[in-house]
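Here's the structure, in C-alpha cells; my notes come after.
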2 protein chains.
Amino acid sequence: MFRVATRASVLRTGLLRNLSNFSSSSIQSAASSSFNKRINLLPWGLLAAGALSGFIYYHQYQTLGLKNKVECSALDQDIRIVKLTGEVTDSSPMRLRMEQFVKSLQREIVSELEAIDGKKFQIDTWERAEGGDGISCVLQEGNVFEKAGVLVSVVYGQLPTAAVLQMKSRNKDLDPADGPFPFFASGISIVLHPHNPMAPTVHLNYRYFEIGNEDGTPRIWWFGGGSDLTPSYLFDEDATHFHRTLKGVCDKHDLSYYPKFKKWCDEYFYLKHRQEARGIGGIFFDDLDDKSPEELFKFVKDCGRGFLPSYIPILKRRKDMPFTNEEKKWQQLRRGRYVEFNLVWDRGTKFGLHTPGSRIESILASLPLTATWRYNHSPSANSSEERLVEVLKTPKDWI
Amino acid sequence: MFRVATRASVLRTGLLRNLSNFSSSSIQSAASSSFNKRINLLPWGLLAAGALSGFIYYHQYQTLGLKNKVECSALDQDIRIVKLTGEVTDSSPMRLRMEQFVKSLQREIVSELEAIDGKKFQIDTWERAEGGDGISCVLQEGNVFEKAGVLVSVVYGQLPTAAVLQMKSRNKDLDPADGPFPFFASGISIVLHPHNPMAPTVHLNYRYFEIGNEDGTPRIWWFGGGSDLTPSYLFDEDATHFHRTLKGVCDKHDLSYYPKFKKWCDEYFYLKHRQEARGIGGIFFDDLDDKSPEELFKFVKDCGRGFLPSYIPILKRRKDMPFTNEEKKWQQLRRGRYVEFNLVWDRGTKFGLHTPGSRIESILASLPLTATWRYNHSPSANSSEERLVEVLKTPKDWI
C-alpha cells in the first residue's frame with residue numbers, strides 16, 4: 001500500500017515537486033537547495049514505506065487505517081492544494097504548518113549533522129498510495145556516526161471504525177455513527193548512534209495528530225513526542241546539560257511540563273525484563289491538548305529546535321575522546337539493550353512491525369549498526385560501567 | 001521467585017545432590033562425572049532463573065503459574081523422592097523419565113560440542129523456589145562457536161485458574177472447579193551460532209507438559225518441540241542432509257509426521273515483517289498427544305538423539321572453510337534477522353521477557369554474540385546472498 005517512487009515514475013507522473021515539496025516552504029535554509037537535489041528516489045519495489053516511519057507511537061498507528069480506501073475529503077484537498085502551491089502561512093491549518101515544520105527541522109538537522117560528520121546522508125522518499133509521504137535520511141558508517149537516522153512522515157486518510165473505537169477508549173469524544181472521520185498525522189524521528197563509546201546515543205520524536213470534521217476543520221487533535229539520551233559511559237555534566245536544555249524549553253511554556261514529562265520519559269523508556277531504563281531519560285508526552293493548538297505548536301517547535309543545542313555540545317566533547325577495546329565492547333553490549341528496547345517494548349516499532357506493508361527499513365533505521373549479547377556479563381565492581389547500570393536502575397534527577 | 005543457588009547456600013541446605021541429580025540417572029555417559037564437577041553454582045542475586053529457560057513456548061509458559069504459591073502435591077512428592085534416590089526406571093512416571101532424558105541428552109551434546117570446539121562450556125544451575133531447577137550450559141567465543149547454548153529446565157507446581165482457562169481454550173478438557181491442578185514441564189533447548197559464515201546456526205527444543213490429578217497420575221499431557229537450521233550461505237546438500245535426517249526420525253514413528261511438522265516449522269519460524277523464513281526450516285510440533293505417551297516419548301527421544309547426526313556432519317564440513325570479510329558481514333546481517341525473530345516473534349522468548357522474575361540470561365542465551373543492522377541493504381543480483389533470500393521467501397522441499 002506504500003509506494004516508493006522511482007526516478008522514472010516520478011518524472012512520468014510529475015510528482016517530483018510533490019515529493020520534494022519542503023523546498024517550497026516559506027522557511028528555507030541555505031542547505032535546502034542542495035538537500036533537494038540529493039533526494040534519492042530509490043526503487044523499492046511497489047510495496048514499501050511505513051505509516052509514520054515506525055517512530056510515531058502505537059496509539060497513533062492504531063488510528064491510521066492503513067488498509068482503508070481513502071475518499072477525497074476537504075482535508076485531503078487542502079493538502080493537495082498546498083502540495084501544488086507550496087504556500088503555508090501562520091493562518092494555514094495546523095496540519096500543514098506541522099508538516100512544514102518537521103520537514104524544515106529535518107533539513108536543518110541533517111545539514112548540521114553532515115557538517116559534523118563530513119559524510120552525506122542517504123535521502124530516500126516514499127509515497128503512501130492512500131495519502132501521505134515520507135523522507136528517510138540515513139547516514140551509516142560515517143566519520144562520527146555509526147548510524148544516524150532523521151526521518152519525517154506525513155499520513156492522511158479516513159479513520160476506520162475500529163480506530164474510532166480505540167479513540168473513544170482514550171477518552172476522545174468520537175461517535176462512530178458520525179464517521180467516517182478524516183485524519184492527519186505527521187512527525188519527525190531521529191536516532192543518532194555515534195562510533196565513540198564516550199558519545200551517547202540520542203533519540204527524538206515529535207508528532208501531531210488530528211481528526212477532522214467533513215468541512216476540514218479539526219475536531220480532535222493532539223501533540224506527542226519527546227527526546228532521550230542513552231550513554232554507554234555516563235558523564236554527569238552531559239546528563240545535566242541535556243536535561244537542563246529540555247527543562248529550559250519546557251519552562252518557557254509551562255512550569256509543570258518538565259517534571260511531568262521527565263517522569264513520563266523514565267517510565268516509557270524502561271526495559272522491564274532488565275529492570276533498567278534505556279538511558280538517562282529526557283522528556284516524553286502524549287495526547288497533549290491542554291492548551292490551544294497555537295501554544296502547543298510553539299512548544300513543540302521549541303522542543304524540536306532545542307534538539308541541536310541539547311545534544312551537539314555533548315557530541316562535540318565526546319566524539320574524539322580516546323577509548324579502549326574494552327570500552328568499545330561495553331558500548332556494543334549497551335547497543336544490544338537498545339535493540340531489546342526497540343524490538344520488545346517500543347510501541348511504535350512493535351506496531352509498525354506487525355502492520356503489513358510497513359516500510360521496515362524506516363522502522364528499523366533506529367537500530368544501531370552493530371550490537372552484542374554476551375551471556376552472563378556483569379560489570380566489575382566500582383567500575384564506571386557498574387555506576388551506569390546503577391543509575392539506569394534508579395533514575396536520577398539531573399537538575 | 002527463582003533462585004540461583006550459590007555454592008554456600010547449596011552446601012548449607014544439602015541441595016547439591018538435587019541440583020546435579022542427573023548424575024544419579026541410570027544413563028550415565030563417560031563425560032558425566034567431569035561434567036558434574038564443573039557445575040558452576042554462580043551467585044546470581046536472589047531473584048533469577050526463567051521458568052523453562054525461555055525456550056519452552058508461549059502456551060506452556062502461560063500455564064506455569066509462576067506467581068502461585070506451591071502446595072505439596074503427590075506429583076511434587078514423587079519428584080522429591082526421585083531427587084533423593086535418583087532411581088528412574090521404565091516404569092517411573094513420564095515426567096521423571098523426560099527430566100532424566102533431557103538432562104542426559106544435554107550432557108551428551110555438551111560433551112560432543114566441547115570435543116569439536118576445544119573449549120569448555122560454562123555450566124550454571126538455578127533453582128526455582130516454587131519447584132524445579134535448570135542447568136544452563138553456554139560456551140561463547142570458542143574456537144568453532146561464537147556462542148552455543150544447551151539448556152534444560154524442569155518446572156512444577158500448581159496451575160492457576162487463569163492458566164486452566166487458557167488450557168480450555170486449547171481444547172484441553174479441564175474444569176476450573178475441579179482444580180487446583182498440579183503441573184509439570186520439562187524441556188531442552190539448544191542454539192548454536194558458529195563463527196564461520198559458511199556454517200549454519202541450528203536450534204532445537206523439545207518439551208513435555210503434564211497436568212496431573214491429585215493422586216499424581218497424569219490427567220492431560222503432551223509433547224512439543226522441533227529443530228531448524230539457519231544458514232547465512234546456503235549449501236543445498238546441507239539442507240537436504242538436515243531434512244533427510246529429521247524425516248528419517250519421523251518416518252520411523254509415523255509417515256504423516258515429517259510433511260506435517262515440516263510445514264508447521266516453515267510457518268512458525270517466519271518473520272512476517274520481512275516476509276521471509278528465519279532459515280531453511282526443519283520440523284516443529286506442539287500439543288502432540290495423538291499416540292500413547294510411551295510411543296511419543298520414544299519419538300521425542302529419537303528426535304533429540306537425531307540432533308548430533310543432523311547437524312555435526314554439516315558443521316564439520318563448513319567450520320574451517322575460507323571466507324571473505326564481505327561474507328562475514330552478510331552473516332552479521334543474518335544474525336540481525338535471528339535477533340528480530342527471537343525478540344519480535346518467538347512466543348516463548350516474548351513470554352519469558354514479559355514474565356517478572358524470569359532468568360533473562362537463559363532466555364537470551366539464544367541470541368548471537370554479535371549482530372548488525374545495515375539500512376537499505378540488499379544483496380547483489382545473482383549472488384549467493386540473493387539466492388538465500390529467495391529461498392527464505394519461498395520455503396522449499398529439500399527431499
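In what follows, every chain begins at residue 1, and chains take the letters A, B, ... in the order their sequences are listed. As a basis for the values below, the full set of heavy atoms in this structure was taken, side chains included, without hydrogen atoms, waters or symmetry mates.
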Legend entry - Top contributor to chain B interface from A/Leu343, A/Leu367, A/Val138, A/Leu369 [non-hydrogen pairs under 4.5 Å]: A/Leu369
Shortest non-hydrogen contact from [X] to [Y]?
X: B/Lys147; Y: A/Arg374; answer: NZ-N, 4.3 Å
X: B/Trp345; Y: A/Leu353; answer: CZ2-O, 3.9 Å
X: B/Gln140; Y: A/Trp373; answer: OE1-O, 4.4 Å
X: B/Ile360; Y: A/His273; answer: CG1-O, 3.0 Å

Legend entry - Residues of residues 332-340 of chain A contacting chain B, heavy-atom criterion under 4.5 Å, by residue number: A/Val339, A/Glu340
Legend entry - Over 12 foreign heavy atoms within 6.0 Å of CD, B/Gln275: no
Inset, instruction - Go through the structure and list residues passing salt bridge (Lys or Arg N to Asp or Glu O under 4.0 Å) with A/Glu326, not counting sequence neighbours. - result: A/Lys329
